Novice: 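I have a structure I would like to understand better, so I am pasting it below and will then ask my questions one at a time.
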2 protein chains.
Amino acid sequence: MFDFCSSMTDEQDGRARELIERAAAKWPLRILHVLSDARAPLRFSRLMERVEGISQKVLTQTLRTLERDGLVIRTLYPQVPPRVEYELTPLGRDLLMQVVSLWRWIVEHLDDFDACKAVKLTATANA
Amino acid sequence: MFDFCSSMTDEQDGRARELIERAAAKWPLRILHVLSDARAPLRFSRLMERVEGISQKVLTQTLRTLERDGLVIRTLYPQVPPRVEYELTPLGRDLLMQVVSLWRWIVEHLDDFDACKAVKLTATANA
DNA sequence: CAGCATCCCCCCAGATACTG
DNA sequence: CAGTATCTGGGGGGATGCTG
């Protein structure tokens with residue numbers, strides 16, 4: 001089923017794992033989602049407002065990582081007070097679409113997840 | 001682009017996020033992968049061997065979570081010494097397939113990720 | 001064999017304060 | 001406005017020892 005794995009080098013495998021892990025984590029996913037919904041570049045403070053519950057430090061850190069990974073573009077307008085805008089790269093948009101399809105699949109199968117737990121509880125009760 | 005999001009409740013959204021985050025994390029992903037490759041139930045000690053670098057505590061914890069999420073089945077054979085086998089549920093197999101397709105997409109686009117970084121470095125150099 | 005219990009450590013999220 | 005700098009605590013994770 002995963003024969004394709006043998007056709008990738010360890011390095012490719014490792015990088016892909018890291019990218020999945022980072023993009024699917026809590027804050028990165030929410031930031032990408034917000035940026036996608038906005039359909040326009042967002043300032044740092046707009047992101048702080050829309051990504052509810054994030055701290056300013058973590059927002060900065062996460063944006064830096066997303067930038068390094070090539071998923072987000074940071075544009076600094078040298079003025080006072082400074083203005084910085086963030087937007088998805090085409091690649092970031094594409095990656096998010098892939099993650100979203102996984103997301104959608106999970107939502108559509110939430111009932112199955114519930115069913116699994118129900119079976120397990122029944123089995124436990126009978127044991 | 002994400003209009004489907006409006007058709008899901010906050011609870012669905014939250015659960016899907018958690019499931020993505022947990023399934024895409026480092027250890028869970030590797031464990032699911034190993035179980036899938038094995039094509040047969042694996043004992044605890046076999047998993048310890050094949051999931052390189054994992055500690056016994058983390059393996060236990062992760063397996064418990066995967067079990068709770070309905071992705072893995074744990075079977076205890078009451079004998080001395082005890083024998084415990086783990087295998088994917090059909091749902092776990094399906095979910096892994098979804099994650100793997102995302103994985104495959106990333107590997108196929110690793111060059112694009114590199115290109116993104118190259119562009120960024122050039123832009124920085126010109127600035 | 002397959003774990004649970006315990007101890008320990010380190011990292012990082014989060015809060016607060018400050019700055020160009 | 002968009003960050004850095006600094007401090008702190010809580011938790012994840014490693015190592016070790018014990019048990020049914």
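Labels below follow one simple rule: chain letters A, B, ... track the order of the sequence lines, proteins then strands, and each chain is numbered from 1. Just so it is clear, the structure is predicted and the values come from calculations on it, not from any experiment.
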Novice: Can you tell me how the ring of A/F44 sits relative to the ring of A/Y86, calling it parallel under 30°, perpendicular over 60° and tilted otherwise?
Specialist: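 Tilted.
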Novice: Say whether, by atom type as modelled, one donor and one acceptor occur between the side chain of A/R30 and the main chain of A/R50 under 3.5 angstrom.
Specialist: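 Checking the backbone N and O of A/R50 against the side chain of A/R30, no donor-acceptor pair under 3.5 Å is found.
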Novice: Considering every strand and a 4.0 Å limit on heavy-atom distances, what is the contact class for B/R64: base, sugar-phosphate, or nothing?
Specialist: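 Here B/R64 touches the backbone only, sparing every base.
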Novice: I'd like the 5' and 3' limits of the part of DNA chain D contacted by chain B, with heavy-atom contacts below 4.0 Å.
Specialist: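 With heavy atoms of chain B under 4.0 Å away, the range is D/dG13 to D/dG20.
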Novice: Closer to the 5' end of DNA chain C via nearest nucleotide, is it B/S45 or B/K57?
Specialist: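 Residue closer to the 5' terminus by nearest nucleotide: B/S45.
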Novice: Between A/R46 (side chain only) and A/E85 (backbone N and O only), is there a donor and an acceptor less than 3.5 Å apart?
Specialist: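 Such a contact is absent between A/R46 side chain and A/E85 backbone.
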Novice: Flag the pair B/E18 and B/R15 as a salt bridge only when some basic side-chain nitrogen lies within less than 4.0 angstrom of an acidic carboxylate oxygen.
Specialist: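 The answer is no: the pair does not qualify as a salt bridge.
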Novice: Please state how far atom CH2 in A/W27 lies from atom P in C/dC12, giving the value in whole angstrom units.
Specialist: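 Those two atoms, CH2 and P, are 17 Å apart.
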Novice: If I take atom CD in residue A/Q61 and atom C1' in nucleotide C/dA13, what distance separates them, rounded to the nearest angstrom?
Specialist: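 Computing the A/Q61:CD to C/dA13:C1' distance gives 8 Å.
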Novice: Hey, does B/Y86 reach any base, or is it just sugar-phosphate, or nothing, if we go heavy atoms under 4.0 Å?
Specialist: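 It contacts sugar-phosphate atoms only.
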Novice: Starting at atom CG of B/L47, determine the distance to atom P of C/dA2, rounded to an integer number of angstrom.
Specialist: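 It is 9 Å, rounded to the nearest whole Å.
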Novice: Between A/K26 and A/P81, just flag the one whose closest nucleotide in DNA chain C comes earlier from the 5' side.
Specialist: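 By nearest-heavy-atom nucleotide position, the 5'-most residue is A/K26.
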Novice: Just how far, in rounded Å, is P of C/dG3 from CG of B/L59?
Specialist: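 From B/L59 CG to C/dG3 P: 8 Å.
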Novice: Let me know the distance between CG of B/L42 and P of C/dA2, rounded to the nearest Å.
Specialist: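 In whole Å, C/dA2 P lies 11 Å from B/L42 CG.
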Novice: Would you call the rings of B/H33 and B/W103 parallel, tilted or perpendicular, where under 30° means parallel and over 60° means perpendicular?
Specialist: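 B/H33 vs B/W103 ring planes: perpendicular.
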Novice: Can you tell which of A/L59, A/L66, A/T60 makes a side chain to side chain contact (heavy atoms under 4.5 Å, CB included) with A/T62?
Specialist: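 It is A/L66; the other options fail the test.
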Novice: Quick one: A/R30 CZ to C/dA13 P, roughly how many Å, whole number?
Specialist: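 Whole-Å distance recorded here is 15 Å.
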